Amino acid sequence: MIPISDLIGKGKKQITIDNVDVARVGEYAAEDADFTWRFYETLRPQLDESSLVPLFVETEMRLVPVLAQMERNGVALDVPLLVEMGKDLERQRVEVTAQIYAEAGRSFNIDSTKQLAEVLFDEQGLRVVRKTKTGRSTDADSLGTLAAETDHALPQLVLHYRELSKLKSTYVDTLPRMVCAKTGRVHANYNMIGAVTGRLASNDPNLQNIPIRTALGRQIRKAFVAGRPDHVLLTADYSQVELRLLAHYCQDAALVSAFERDEDIHRFVAAQVFGVDAAEVTAEQRSRAKAVNFGIIYGQSAFGLSRTTGMSVPEAQNFIDMYFRRYPGIRLFIDECIEEAKQTGFATTILGRRRPVPELQSRNRQQRMLGERLAVNTVLQGSAADLIKKAMIDVHDRIMEDPAGPRMLIQVHDELVFEVHEDSAAQEAEKIREQMCRALPLNVPLAVDTSWGRNWLEGKSH
DNA sequence: GCTAGGCGACA
DNA sequence: AATTGTCGCCTAGCC
């Protein structure tokens, strides 16, 4: 077998522990006592007696060769497409730059927040929306506020400039440079350690933050393609995995049965909280329920909810009160997470992964509130990480039996991307869905959406 | 060349 | 004060 370092070039960082190439070692990790010991030492802070087998032996150790294979696989890029996009972005960027200079009455470095602040606030006399540690904020939120409340063209132009600039420098210009000469693909690094919740992290390049939110950014996903003839990219992503875990932990009968019927969970929650039929839920009601559903996962306050939804603070507080009245199990779960973290000092995931939460012991109220959010969020985010890791191992063990079968290429926290022959995409999607749904037994069913197509964007849902 | 800060991409 | 977790680009200041 070709060592990874030969494949993807010198100087490339890989999964390392004490500078040992874990990805390569991982091929025989299970038989390598020295490696196993050092890996154990590295993960020991996350483990206790009860999680040693399910988490360390059965999950983390077995994931090492899976990630090694993913790194070796890499993913193909449509470089000519990226080059064309780069030219187009540059044309637009030059145009917007000229407009910004015209509005400002002079040229300056738009990438410099310091210079930009001078132009906006000193020279153009715009309002300072928010301060940063060292100066006046020019972030998207502040510029959006200014764009909405003034006639000045600059804030909107700078927002546009930033979007073009971000896409070009971080993705369109950078990704082609990372294509390996030998394989014609990019071989990202997956880091098993370092994310406190147990999630994976990815770098060189980071494949876990490829744009999807905006129409322009989404185009970048077209450049991620199947690299072999007659193959497609197949994506399989967990639907609402953290909310399902919340329902699993709470055992709330209504939530669980809604998931069992695979209902639109935000609509369902809106109907329950507002006391109307699901069919009568308005777009705004659903949107508010969705915001609270996610807010719960992060421990959001009424203030935070009011900011993300546009509700007033009392309105947001009222909604949260109604929410907890309808779902007392969720309130109970939150309180239990906090209490356990206070008692034991740790937040603990479904497979027994532990994260210390020293913030709960702080004399600083702000720190203690942070600790409470961490205690809840870590259980949900970390359990979701445990779950997909188990799924990756199961799928890997099956697909490796067939050299012509699917190859696992990318993991993005609740999503897996495979390269698969187009003729078997439909059958493989079902097998992968099945294995992902069964990865861990929960009190709620798991749902996995699949799609496939020539590139990472074009997939059709199935 | 290194580090911190600001910003913004994703789940 | 006010929602969690990552990585990377760019500027600015310092060695």
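All values derive from a computational prediction rather than experimental measurement. Labels below follow one simple rule: chain letters A, B, ... track the order of the sequence lines, proteins then strands, and each chain is numbered from 1.
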**Report entry** Sub-4.5 Å side-chain heavy-atom contact between W452(A) and V420(A)
**Finding:** no

Taking dT4(C), dG8(C), dA11(B) as options, the one with an atom nearest any side-chain atom of V412(A) is dA11(B)

Of dA2(C), dG8(B), dG5(B), the nucleotide closest to the side chain of K133(A) is dG5(B)

| Distance-only, no hydrogens or angles: does the R185(A) side chain make a donor-acceptor pair with backbone N or O of N73(A) under 3.5 Å? | yes

Under 4.0 Å: is that the gap between some side-chain N or O of R213(A) and OP1 or OP2 of dA9(B)? yes

Taken to the nearest whole Å, NE2/H160(A) to C1'/dG8(B) is 16 Å

Exercise. Counting any heavy atom closer than 4.0 Å, what does N206(A) reach on the DNA or RNA strands: base, sugar-phosphate only, or nothing?
Worked result: sugar-phosphate

Looking only at dA9(B), dG6(B), dA11(B), the nucleotide nearest the P211(A) side chain is dA9(B)

Contact check, residues 309-334 of chain A vs DNA chain C, heavy-atom distance under 4.0 Å, returns none

N191(A) atom CG is separated from dG5(C) atom P, nearest whole Å, by 17 Å

Checklist line | Pair I330(A)-D252(A), side-chain contact (heavy atoms from CB on, under 4.5 Å): steps then yes or no | finding: CA-CA 8 Å; I330(A) 295 182; D252(A) 180 280; 5.6 Å; no

Which class fits the ring pair F224(A) and W456(A): parallel under 30°, tilted 30 to 60°, perpendicular over 60°?
perpendicular

Contact check, residues 101-125 of chain A vs DNA chain B, heavy-atom distance under 4.0 Å, returns T113(A)

Notebook entry, point to check: Would you say the ring centroid of F319(A) lies under 6.0 angstrom from that of F274(A)?
Noted result: yes

Here the distance between atom P of dT4(C) and atom CZ of R307(A), to the nearest Å, is 12 Å

Counting only side-chain nitrogens and oxygens, does S202(A) get under 4.0 Å of the OP1 or OP2 atom of dT6(C)?
no

Taking dC10(B), dT6(C), dC10(C) as options, the one with an atom nearest any side-chain atom of R221(A) is dC10(B)

query = Between S301(A) and R307(A), is a side-chain hydrogen bond (donor to acceptor under 3.5 Å, both in side chains) present by the stated rule, with each step listed?
reply = CA-CA 10 Å; S301(A) 66; R307(A) 267 192 44 160; over 6 Å; no

Rounded to whole Å, CZ of R136(A) lies from P of dT11(C) at a distance of 19 Å

Closest non-hydrogen atoms of T309(A) and A291(A), given as atom of the first, atom of the second and distance, are CG2-CB, 3.4 Å

Atom CZ of R130(A) and atom P of dA1(C) are separated, to the nearest Å, by 13 Å

Open item on the list: Would the distance check show the side chain of E359(A) and the main-chain N or O of M369(A) forming a donor-acceptor pair, the cut-off being under 3.5 Å?
Closed with: no

Taken to the nearest whole Å, CD/Q381(A) to C1'/dT4(C) is 6 Å

Validation row, ring centre Y298(A) to ring centre F294(A) under 6.0 Å | no

For dA2(C) versus dC7(B), give the span between their P atoms, rounded off to a whole number of Å. 15 Å

Per the 3.5 Å Watson-Crick/G-U criterion and a run length of at least three, the stems involving DNA chain C are B:1-11 with C:4-14

**Short N-O contact, R213(A) and E163(A), less than 4.0 angstrom** = no

When rounded to whole Å, the OH to P distance for the pair Y298(A) and dC10(B) reads 13 Å

In whole angstroms, the gap separating P of dT6(C) from CG of L200(A) amounts to 12 Å

Those residues at least two apart in sequence (or on a different chain) that pass side-chain contact (heavy atoms from CB on, under 4.5 Å) with A439(A) are Y238(A), L387(A), K390(A), A391(A)

Which is true for S306(A) with a 4.0 Å heavy-atom rule: it touches a base, it touches only sugar-phosphate, or it touches nothing? nothing

Discussion item. Quick test of your reading of the model: are R286(A) and D264(A) salt-bridged, counting only N-O distances below 4.0 Å?
Written reply: yes

The residue, V196(A) or T170(A), whose nearest nucleotide of DNA chain C is more 5′ is V196(A)

Taking every heavy atom of L207(A) against every heavy atom of S202(A), the minimum-distance pair comes out as N-OG, 3.0 Å

Under 3.5 Å donor-acceptor pair, K166(A) side-chain atoms to dG8(B) base atoms:
yes

Whole-angstrom distance between dA4(B) and dT3(C), as gauged at atom P: 26 Å

Here the pair of heavy atoms bringing R127(A) nearest to F121(A) is O-CE2, 3.2 Å

Are OP1 or OP2 of dG8(B) and a side-chain N or O of R162(A) less than 4.0 angstrom apart?
yes

>> Would I350(A) and L442(A) count as a side-chain contact (heavy atoms from CB on, under 4.5 Å) here? Give the steps.
In response: CA-CA 10 Å; I350(A) 197 162; L442(A) 300 182; 3.4 Å; yes

Give A385(A) one of three labels, base, sugar-phosphate or nothing, depending on what nucleic acid heavy atoms sit under 4.0 Å from its own.
-> nothing

*asked:* Any base atoms under 4.0 Å from S165(A), or only sugar-phosphate, or nothing? Heavy atoms, all strands.
replied: nothing

| query | Closer than 4.0 Å, any side-chain N/O of R199(A) to the OP1 or OP2 of dA11(B)? | reply | no

Contacts satisfying salt bridge (charged side-chain N to carboxylate O under 4.0 Å, His left out) that involve residues 314-328 of chain A (not counting sequence neighbours) are R288(A)-E315(A)

Among dT3(C), dG8(B), dA11(B), the one nearest any side-chain atom of I212(A) is dA11(B)

In numerical order, the residues of residues 363-380 of chain A whose heavy atoms come under 4.0 Å of DNA chain C are Q366(A), L370(A), R373(A), L374(A), N377(A)

